[in-house]
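Read through the structure below, which is laid out as C-alpha coordinates, and then see the notes.
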Amino acid sequence: MSTTPPPAPPKSPDLLERMPLLQSFMVALERETGMSMSFDDMTGFVTGFHSDVKPMHLDWEHQLHACEFCSFAKEQPRGYLECVLNKLVVNRIILRKRKGLEGHCRLGLFDMAEPLIHGGRVLGIFSYGSVLVRGREKLTREKIHRYCQRRNLDPKPFLETLKSVSLIDEDSLPRHREALQAVVRLAEYFCESFGVQQAIYRNRELKYPYVDPEHMPYVVKAAMQYVITHIDEPFIVKDIASHLHCHPDFLSRRFKQHTGVGLSDYLKQVRVDHAKRLLENPKIDIGMASEMSGFSDRVHFSKVFRRLTGVTPGQYQRKATGAGG
(Lines give C-alpha, C1' and ligand atoms only; values in the text may rest on other atoms or scores of the structure.)
Protein backbone atom coordinates (compact mmCIF):
# COMPACT_ATOMS: atom_id res chain seq x y z
CA MET A 1 0.00 0.00 0.00
CA SER A 2 1.37 3.40 -0.96
CA THR A 3 2.32 5.50 2.07
CA THR A 4 3.21 8.68 0.21
CA PRO A 5 1.44 10.72 -2.44
CA PRO A 6 2.13 9.58 -6.01
CA PRO A 7 4.62 11.70 -7.97
CA ALA A 8 3.08 14.80 -9.49
CA PRO A 9 2.91 15.21 -13.27
CA PRO A 10 5.99 16.96 -14.68
CA LYS A 11 4.73 20.54 -14.70
CA SER A 12 7.02 23.52 -14.35
CA PRO A 13 6.26 26.21 -11.73
CA ASP A 14 5.61 28.80 -14.45
CA LEU A 15 3.00 26.47 -15.98
CA LEU A 16 1.18 26.44 -12.63
CA GLU A 17 1.29 30.23 -12.64
CA ARG A 18 -0.36 30.33 -16.07
CA MET A 19 -3.32 28.25 -14.91
CA PRO A 20 -6.54 30.01 -13.90
CA LEU A 21 -6.10 30.93 -10.25
CA LEU A 22 -8.68 28.58 -8.73
CA GLN A 23 -7.31 25.58 -10.62
CA SER A 24 -3.71 26.43 -9.72
CA PHE A 25 -4.74 26.47 -6.05
CA MET A 26 -6.44 23.08 -6.45
CA VAL A 27 -3.45 21.58 -8.30
CA ALA A 28 -1.03 22.85 -5.66
CA LEU A 29 -3.04 21.07 -2.96
CA GLU A 30 -3.20 17.88 -5.03
CA ARG A 31 0.57 17.87 -5.49
CA GLU A 32 1.17 18.36 -1.80
CA THR A 33 -1.25 15.73 -0.51
CA GLY A 34 -1.80 13.16 -3.28
CA MET A 35 -5.53 13.79 -2.92
CA SER A 36 -7.81 14.54 -5.90
CA MET A 37 -10.00 17.63 -6.10
CA SER A 38 -12.87 18.32 -8.47
CA PHE A 39 -15.88 20.60 -8.81
CA ASP A 40 -19.32 19.19 -9.61
CA ASP A 41 -21.02 22.08 -11.39
CA MET A 42 -24.76 22.25 -10.75
CA THR A 43 -25.63 25.16 -13.03
CA GLY A 44 -23.14 25.41 -15.88
CA PHE A 45 -21.41 28.57 -14.70
CA VAL A 46 -18.03 26.82 -14.60
CA THR A 47 -18.38 23.93 -17.04
CA GLY A 48 -19.97 26.38 -19.43
CA PHE A 49 -16.53 27.98 -19.78
CA HIS A 50 -18.11 31.44 -19.63
CA SER A 51 -15.76 34.40 -19.74
CA ASP A 52 -17.46 35.99 -16.73
CA VAL A 53 -15.10 34.49 -14.14
CA LYS A 54 -11.86 33.57 -15.89
CA PRO A 55 -9.96 32.77 -12.66
CA MET A 56 -12.49 29.97 -12.07
CA HIS A 57 -12.08 28.16 -15.39
CA LEU A 58 -11.35 24.46 -14.83
CA ASP A 59 -10.02 21.79 -17.18
CA TRP A 60 -11.92 18.53 -17.66
CA GLU A 61 -9.78 16.71 -15.08
CA HIS A 62 -11.15 19.02 -12.38
CA GLN A 63 -14.74 18.98 -13.65
CA LEU A 64 -15.22 15.22 -13.78
CA HIS A 65 -13.52 13.01 -11.24
CA ALA A 66 -10.85 10.88 -12.91
CA CYS A 67 -8.39 9.36 -10.41
CA GLU A 68 -6.84 6.03 -11.44
CA PHE A 69 -8.75 3.81 -9.02
CA CYS A 70 -12.11 5.49 -9.63
CA SER A 71 -11.61 5.36 -13.40
CA PHE A 72 -10.89 1.63 -13.11
CA ALA A 73 -14.00 1.07 -10.99
CA LYS A 74 -16.18 2.96 -13.48
CA GLU A 75 -14.99 0.72 -16.31
CA GLN A 76 -16.41 -2.39 -14.63
CA PRO A 77 -19.90 -3.71 -15.47
CA ARG A 78 -22.43 -1.16 -14.14
CA GLY A 79 -19.52 0.54 -12.38
CA TYR A 80 -20.06 3.97 -13.88
CA LEU A 81 -23.78 3.97 -13.12
CA GLU A 82 -23.15 2.91 -9.52
CA CYS A 83 -20.56 5.67 -9.07
CA VAL A 84 -23.05 8.19 -10.43
CA LEU A 85 -25.75 6.97 -8.07
CA ASN A 86 -23.33 7.15 -5.13
CA LYS A 87 -22.52 10.73 -6.10
CA LEU A 88 -26.20 11.59 -6.45
CA VAL A 89 -26.86 10.51 -2.89
CA VAL A 90 -24.05 12.73 -1.59
CA ASN A 91 -25.18 15.69 -3.70
CA ARG A 92 -28.77 15.42 -2.52
CA ILE A 93 -27.71 15.38 1.12
CA ILE A 94 -25.48 18.41 0.63
CA LEU A 95 -28.16 20.28 -1.30
CA ARG A 96 -30.68 19.56 1.45
CA LYS A 97 -28.41 20.33 4.42
CA ARG A 98 -26.38 23.04 2.63
CA LYS A 99 -23.21 22.01 4.40
CA GLY A 100 -20.26 19.71 3.80
CA LEU A 101 -19.91 15.97 4.31
CA GLU A 102 -17.12 13.44 4.61
CA GLY A 103 -17.00 9.67 4.54
CA HIS A 104 -16.21 6.55 2.54
CA CYS A 105 -17.54 5.76 -0.92
CA ARG A 106 -19.05 2.40 -1.90
CA LEU A 107 -15.53 0.98 -2.45
CA GLY A 108 -14.01 2.41 0.70
CA LEU A 109 -12.07 5.46 -0.50
CA PHE A 110 -12.28 8.52 1.73
CA ASP A 111 -13.75 11.76 0.39
CA MET A 112 -14.91 15.10 1.76
CA ALA A 113 -17.18 17.61 0.03
CA GLU A 114 -18.20 21.24 0.48
CA PRO A 115 -20.89 23.26 -1.35
CA LEU A 116 -20.24 26.55 -3.13
CA ILE A 117 -23.15 28.78 -2.16
CA HIS A 118 -23.66 32.17 -3.80
CA GLY A 119 -26.74 34.33 -3.66
CA GLY A 120 -28.49 31.70 -1.56
CA ARG A 121 -28.06 29.06 -4.28
CA VAL A 122 -25.76 26.05 -4.41
CA LEU A 123 -23.78 26.55 -7.61
CA GLY A 124 -21.80 23.35 -7.20
CA ILE A 125 -19.92 21.03 -4.89
CA PHE A 126 -16.17 20.69 -4.36
CA SER A 127 -14.90 17.17 -3.63
CA TYR A 128 -11.49 16.39 -2.15
CA GLY A 129 -10.05 12.99 -1.37
CA SER A 130 -10.17 9.58 -3.09
CA VAL A 131 -7.55 8.38 -0.63
CA LEU A 132 -7.04 5.74 2.04
CA VAL A 133 -6.92 6.73 5.70
CA ARG A 134 -4.25 5.06 7.78
CA GLY A 135 -5.87 2.61 10.20
CA ARG A 136 -8.97 2.20 8.00
CA GLU A 137 -7.36 0.11 5.24
CA LYS A 138 -9.13 -3.02 6.49
CA LEU A 139 -12.50 -1.29 6.10
CA THR A 140 -11.67 -0.45 2.49
CA ARG A 141 -10.59 -3.98 1.62
CA GLU A 142 -13.73 -5.41 3.26
CA LYS A 143 -15.91 -3.04 1.21
CA ILE A 144 -14.18 -4.14 -1.98
CA HIS A 145 -14.57 -7.84 -1.14
CA ARG A 146 -18.28 -7.43 -0.32
CA TYR A 147 -18.86 -5.41 -3.48
CA CYS A 148 -17.12 -7.98 -5.68
CA GLN A 149 -18.88 -10.88 -3.99
CA ARG A 150 -22.32 -9.35 -4.62
CA ARG A 151 -21.49 -8.81 -8.31
CA ASN A 152 -19.50 -11.98 -8.88
CA LEU A 153 -16.32 -10.02 -9.68
CA ASP A 154 -12.69 -10.90 -8.98
CA PRO A 155 -11.44 -8.56 -6.21
CA LYS A 156 -7.76 -8.99 -7.16
CA PRO A 157 -7.74 -6.31 -9.91
CA PHE A 158 -9.46 -3.87 -7.53
CA LEU A 159 -6.93 -4.54 -4.78
CA GLU A 160 -4.04 -4.26 -7.22
CA THR A 161 -5.28 -0.89 -8.52
CA LEU A 162 -5.80 0.19 -4.91
CA LYS A 163 -2.00 0.26 -4.55
CA SER A 164 -1.97 3.46 -6.60
CA VAL A 165 -4.11 5.26 -4.00
CA SER A 166 -2.46 7.66 -1.55
CA LEU A 167 -2.52 6.97 2.18
CA ILE A 168 -3.04 9.84 4.64
CA ASP A 169 -3.01 10.03 8.44
CA GLU A 170 -6.30 10.36 10.27
CA ASP A 171 -5.07 13.28 12.34
CA SER A 172 -4.47 15.23 9.11
CA LEU A 173 -8.17 15.20 8.16
CA PRO A 174 -9.04 18.50 9.92
CA ARG A 175 -6.21 20.23 8.02
CA HIS A 176 -7.45 18.84 4.73
CA ARG A 177 -10.97 19.99 5.56
CA GLU A 178 -9.62 23.50 6.22
CA ALA A 179 -7.78 23.44 2.88
CA LEU A 180 -10.96 22.45 1.07
CA GLN A 181 -12.91 25.18 2.81
CA ALA A 182 -10.22 27.68 1.77
CA VAL A 183 -10.78 26.68 -1.87
CA VAL A 184 -14.52 27.25 -1.40
CA ARG A 185 -13.89 30.66 0.15
CA LEU A 186 -11.68 31.59 -2.82
CA ALA A 187 -14.47 30.56 -5.20
CA GLU A 188 -16.99 32.57 -3.17
CA TYR A 189 -14.69 35.58 -3.37
CA PHE A 190 -14.52 35.30 -7.17
CA CYS A 191 -18.30 35.03 -7.39
CA GLU A 192 -18.70 38.19 -5.31
CA SER A 193 -15.92 40.12 -7.05
CA PHE A 194 -17.15 39.35 -10.56
CA GLY A 195 -20.80 39.89 -9.67
CA VAL A 196 -21.94 36.43 -10.71
CA GLN A 197 -25.68 36.44 -11.37
CA GLN A 198 -26.36 32.85 -10.39
CA ALA A 199 -29.96 32.83 -11.63
CA ILE A 200 -29.04 33.23 -15.32
CA TYR A 201 -26.81 30.20 -15.83
CA ARG A 202 -29.24 27.34 -16.17
CA ASN A 203 -30.86 28.89 -19.22
CA ARG A 204 -27.73 30.16 -20.93
CA GLU A 205 -26.45 28.49 -24.07
CA LEU A 206 -23.41 26.55 -22.96
CA LYS A 207 -20.21 26.08 -24.89
CA TYR A 208 -19.61 23.03 -22.72
CA PRO A 209 -22.31 20.74 -21.40
CA TYR A 210 -22.92 21.00 -17.69
CA VAL A 211 -23.60 18.05 -15.45
CA ASP A 212 -27.08 18.16 -13.95
CA PRO A 213 -26.94 15.17 -11.63
CA GLU A 214 -30.69 15.11 -11.12
CA HIS A 215 -31.77 14.87 -14.75
CA MET A 216 -28.94 13.92 -17.10
CA PRO A 217 -29.49 10.39 -18.52
CA TYR A 218 -26.99 7.65 -17.88
CA VAL A 219 -26.12 7.36 -21.59
CA VAL A 220 -25.08 11.03 -21.70
CA LYS A 221 -22.92 10.79 -18.60
CA ALA A 222 -21.41 7.53 -19.83
CA ALA A 223 -20.52 9.19 -23.14
CA MET A 224 -18.78 12.05 -21.31
CA GLN A 225 -16.89 9.56 -19.14
CA TYR A 226 -15.82 7.58 -22.21
CA VAL A 227 -14.42 10.73 -23.81
CA ILE A 228 -12.45 11.52 -20.67
CA THR A 229 -10.97 8.07 -20.14
CA HIS A 230 -10.08 7.49 -23.82
CA ILE A 231 -9.03 11.02 -24.80
CA ASP A 232 -5.72 9.83 -26.28
CA GLU A 233 -7.43 7.40 -28.67
CA PRO A 234 -8.66 8.35 -32.20
CA PHE A 235 -12.31 7.34 -31.75
CA ILE A 236 -15.44 8.98 -33.17
CA VAL A 237 -19.09 9.19 -32.08
CA LYS A 238 -19.84 5.84 -33.72
CA ASP A 239 -17.24 4.16 -31.47
CA ILE A 240 -18.75 5.68 -28.32
CA ALA A 241 -22.20 4.47 -29.36
CA SER A 242 -20.85 0.98 -30.03
CA HIS A 243 -19.29 0.92 -26.56
CA LEU A 244 -22.62 1.97 -25.02
CA HIS A 245 -24.62 -0.49 -27.17
CA CYS A 246 -26.82 2.16 -28.75
CA HIS A 247 -27.31 3.78 -32.17
CA PRO A 248 -25.07 6.80 -32.95
CA ASP A 249 -28.07 8.92 -33.96
CA PHE A 250 -29.85 8.14 -30.69
CA LEU A 251 -26.73 8.97 -28.65
CA SER A 252 -26.10 12.23 -30.53
CA ARG A 253 -29.72 13.29 -30.19
CA ARG A 254 -29.86 12.57 -26.45
CA PHE A 255 -26.51 14.24 -25.84
CA LYS A 256 -27.52 17.48 -27.55
CA GLN A 257 -30.96 17.41 -25.97
CA HIS A 258 -29.50 17.36 -22.46
CA THR A 259 -26.33 19.44 -22.90
CA GLY A 260 -27.12 21.92 -25.64
CA VAL A 261 -24.07 20.92 -27.68
CA GLY A 262 -23.42 18.13 -30.17
CA LEU A 263 -21.38 15.15 -29.02
CA SER A 264 -18.98 15.55 -31.95
CA ASP A 265 -18.40 19.23 -31.04
CA TYR A 266 -17.94 18.30 -27.39
CA LEU A 267 -15.36 15.67 -28.34
CA LYS A 268 -13.39 18.15 -30.45
CA GLN A 269 -13.45 20.75 -27.68
CA VAL A 270 -12.21 18.30 -25.06
CA ARG A 271 -9.43 17.12 -27.39
CA VAL A 272 -8.33 20.69 -28.08
CA ASP A 273 -8.39 21.61 -24.38
CA HIS A 274 -6.22 18.58 -23.66
CA ALA A 275 -3.85 19.52 -26.48
CA LYS A 276 -3.54 23.07 -25.14
CA ARG A 277 -2.34 21.76 -21.79
CA LEU A 278 0.15 19.48 -23.53
CA LEU A 279 1.49 22.32 -25.68
CA GLU A 280 2.21 24.33 -22.55
CA ASN A 281 5.05 21.88 -21.99
CA PRO A 282 7.97 22.95 -24.24
CA LYS A 283 9.19 19.33 -24.42
CA ILE A 284 6.04 18.23 -26.25
CA ASP A 285 5.96 19.06 -29.95
CA ILE A 286 2.88 19.57 -32.10
CA GLY A 287 2.93 16.03 -33.50
CA MET A 288 3.07 14.53 -30.00
CA ALA A 289 0.26 16.81 -28.78
CA SER A 290 -1.85 15.78 -31.75
CA GLU A 291 -1.33 12.07 -31.14
CA MET A 292 -1.75 12.31 -27.35
CA SER A 293 -5.05 14.17 -27.85
CA GLY A 294 -6.48 11.45 -30.08
CA PHE A 295 -6.35 13.23 -33.44
CA SER A 296 -5.88 10.95 -36.42
CA ASP A 297 -3.37 13.21 -38.13
CA ARG A 298 -1.53 16.49 -37.61
CA VAL A 299 -3.24 18.36 -40.45
CA HIS A 300 -6.72 17.66 -39.07
CA PHE A 301 -5.49 18.56 -35.58
CA SER A 302 -4.20 21.94 -36.77
CA LYS A 303 -7.46 22.75 -38.57
CA VAL A 304 -9.65 21.90 -35.57
CA PHE A 305 -7.30 23.64 -33.14
CA ARG A 306 -7.27 26.86 -35.16
CA ARG A 307 -11.04 26.82 -35.66
CA LEU A 308 -11.68 26.54 -31.91
CA THR A 309 -8.88 28.78 -30.59
CA GLY A 310 -8.24 31.27 -33.38
CA VAL A 311 -4.52 30.44 -33.48
CA THR A 312 -2.41 27.58 -34.79
CA PRO A 313 -0.93 25.00 -32.38
CA GLY A 314 2.52 26.46 -33.03
CA GLN A 315 1.39 29.99 -32.23
CA TYR A 316 -0.32 28.81 -29.07
CA GLN A 317 2.75 26.91 -27.87
CA ARG A 318 5.14 29.78 -28.54
CA LYS A 319 2.96 32.17 -26.56
CA ALA A 320 2.30 29.66 -23.76
CA THR A 321 5.98 28.80 -23.31
CA GLY A 322 7.26 32.32 -23.78
CA ALA A 323 9.25 31.32 -26.85
CA GLY A 324 8.12 34.44 -28.71
CA GLY A 325 7.09 34.67 -32.33
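Nearest heavy-atom pair, V131 versus G34, reported as atom, atom and distance to 0.1 Å: CG1-O, 4.0 Å. Closest approach of I94 to A113, counting heavy atoms only: CD1-CB, 3.6 Å. L107 approaches A73 most closely through the heavy-atom pair CD1-CB, 3.6 Å. Taking all atoms of both residues into account, the shortest heavy-atom contact from C70 to S130 is SG-OG, 3.9 Å. Contact record, S293 with A289: OG-O, 2.8 Å, taken as the closest heavy-atom pair. Contact detail for C246 and V219: the closest heavy-atom pair is SG-CG2, 4.2 Å.
Considering only residues two or more places apart in sequence or on other chains, L267 meets the side chain to side chain contact (heavy atoms under 4.5 Å, CB included) condition with V227, F235, R271. Take I117 and apply the side chain to side chain contact (heavy atoms under 4.5 Å, CB included) test, not counting sequence neighbours, and it matches R98, P115, V122. For K138, the side chain to side chain contact (heavy atoms under 4.5 Å, CB included) partners at least two apart in sequence or on another chain are R141, E142. Every residue was checked against the side-chain hydrogen bond (donor to acceptor under 3.5 Å, both in side chains) condition with S252, not counting sequence neighbours, and none meets it. Looking at residues two or more places apart in sequence or on another chain, you find a side chain to side chain contact (heavy atoms under 4.5 Å, CB included) between K97 and I93, K99. With sequence neighbours left out, the ring pair (Phe, Tyr, Trp, His ring centres under 6.0 Å) criterion links H243 to Y226.
Residue pairs meeting the side chain to side chain donor-acceptor pair (under 3.5 Å) criterion with at least one partner in residues 168-178, sequence neighbours excluded, are E102-R177, E114-R177, R134-D169, R136-E170, S172-H176. The stretch residues 150-161 participates, sequence neighbours left out, in these side chain to side chain donor-acceptor pair (under 3.5 Å) pairs: E82-R151, E160-K163. A salt bridge (charged side-chain N to carboxylate O under 4.0 Å, His left out) check over residues 283-312, counting only residues at least two apart or in different chains, returns nothing. Residue pairs meeting the ring-ring contact (aromatic ring centres under 6.0 Å, His included) criterion with at least one partner in residues 138-158, sequence neighbours excluded, are F72-F158. Pairs engaging residues 279-314 under the ring-ring contact (aromatic ring centres under 6.0 Å, His included) rule: F295-H300, F295-F301, F301-F305, F305-Y316 [sequence neighbours left out].
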Show your working on side chain to side chain contact (heavy atoms under 4.5 Å, CB included) between I168 and L173 and close with a plain yes or no.
CA-CA 8 Å; I168 63 173; L173 295 183; 3.6 Å; yes

Would you please test L29 and Y128 for side chain to side chain contact (heavy atoms under 4.5 Å, CB included) and show each step?
CA-CA 10 Å; L29 288 173; Y128 190 35; 3.7 Å; yes

For a side chain to side chain contact (heavy atoms under 4.5 Å, CB included) check, start with the C-alpha distance between M26 and L58, then their side-chain angles and the critical distance, and finish with the verdict.
CA-CA 10 Å; M26 294 166 68; L58 299 175; 3.8 Å; yes

Are R254 and F250 close enough, and set up right, to give a side chain to side chain contact (heavy atoms under 4.5 Å, CB included), and what steps lead you there?
CA-CA 6 Å; R254 293 286 280 174; F250 167 80; 3.6 Å; yes

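Proximity of a side-chain donor or acceptor of Q23 to a complementary backbone N or O of P20 within less than 3.5 Å is not detected. Side-chain N or O atoms of E137 include one that pairs as donor or acceptor with a backbone N or O of G135 at under 3.5 Å. Of the possible donor and acceptor atoms, one in the side chain of Q317 sits under 3.5 Å from a partner among the backbone N and O of L279. At distances below 3.5 Å, not a single donor-acceptor pair connects side-chain atoms of D40 with backbone N or O atoms of G124. Of the possible polar contacts, none joining the S193 side chain to the F190 backbone as a donor-acceptor pair under 3.5 Å is found.
Here CZ of F39 is found 8.5 Å from CD1 of I125. Values are rounded to the nearest 0.5 Å. How far CE of M35 is from OG of S127: 10.5 Å, rounded to the nearest 0.5 Å. Distance check, rounded to the nearest 0.5 Å: CG of L162 to CG of L132 gives 5.0 Å. Of the inter-residue distances, the one linking R277 atom CZ with E280 atom CD reads 8.5 Å to the nearest 0.5 angstrom. Rounding to the nearest 0.5 Å places CG of L251 at 6.0 Å from CG of L244. From L21, atom CG reaches atom CG of L186 across 5.5 Å, with rounding to the nearest 0.5 Å.
Within a 6.0 Å radius of NZ in K256, other residues, nucleotides and ligands contribute 12 heavy atoms or fewer. Applying the 6.0 Å contact sphere to CD of Q149 captures no more than 12 heavy atoms from other residues, nucleotides or ligands.
Placement of I236 and V272 in two distinct hydrophobic clusters is found when ILVMFWY residues are connected by side-chain heavy-atom separations under 4.5 Å, directly or transitively. F110 and L139 fall into different hydrophobic clusters, where Ile, Leu, Val, Met, Phe, Trp and Tyr side chains are chained together by heavy-atom contacts under 4.5 Å.
In this structure the side chain of V90 reaches within 4.5 angstrom of the side chain of L101, judged on heavy atoms. You'll find the side chain of H62 reaches within 4.5 Å of the side chain of V27, heavy atoms only.
Applying the under-4.5 Å side-chain rule to Ile, Leu, Val, Met, Phe, Trp and Tyr, the cluster around M292 extends to L278, I284, M288.
Judged purely by distance below 3.5 Å, without hydrogens or angles, the side chains of Q269 and D273 pair a donor atom with an acceptor atom.
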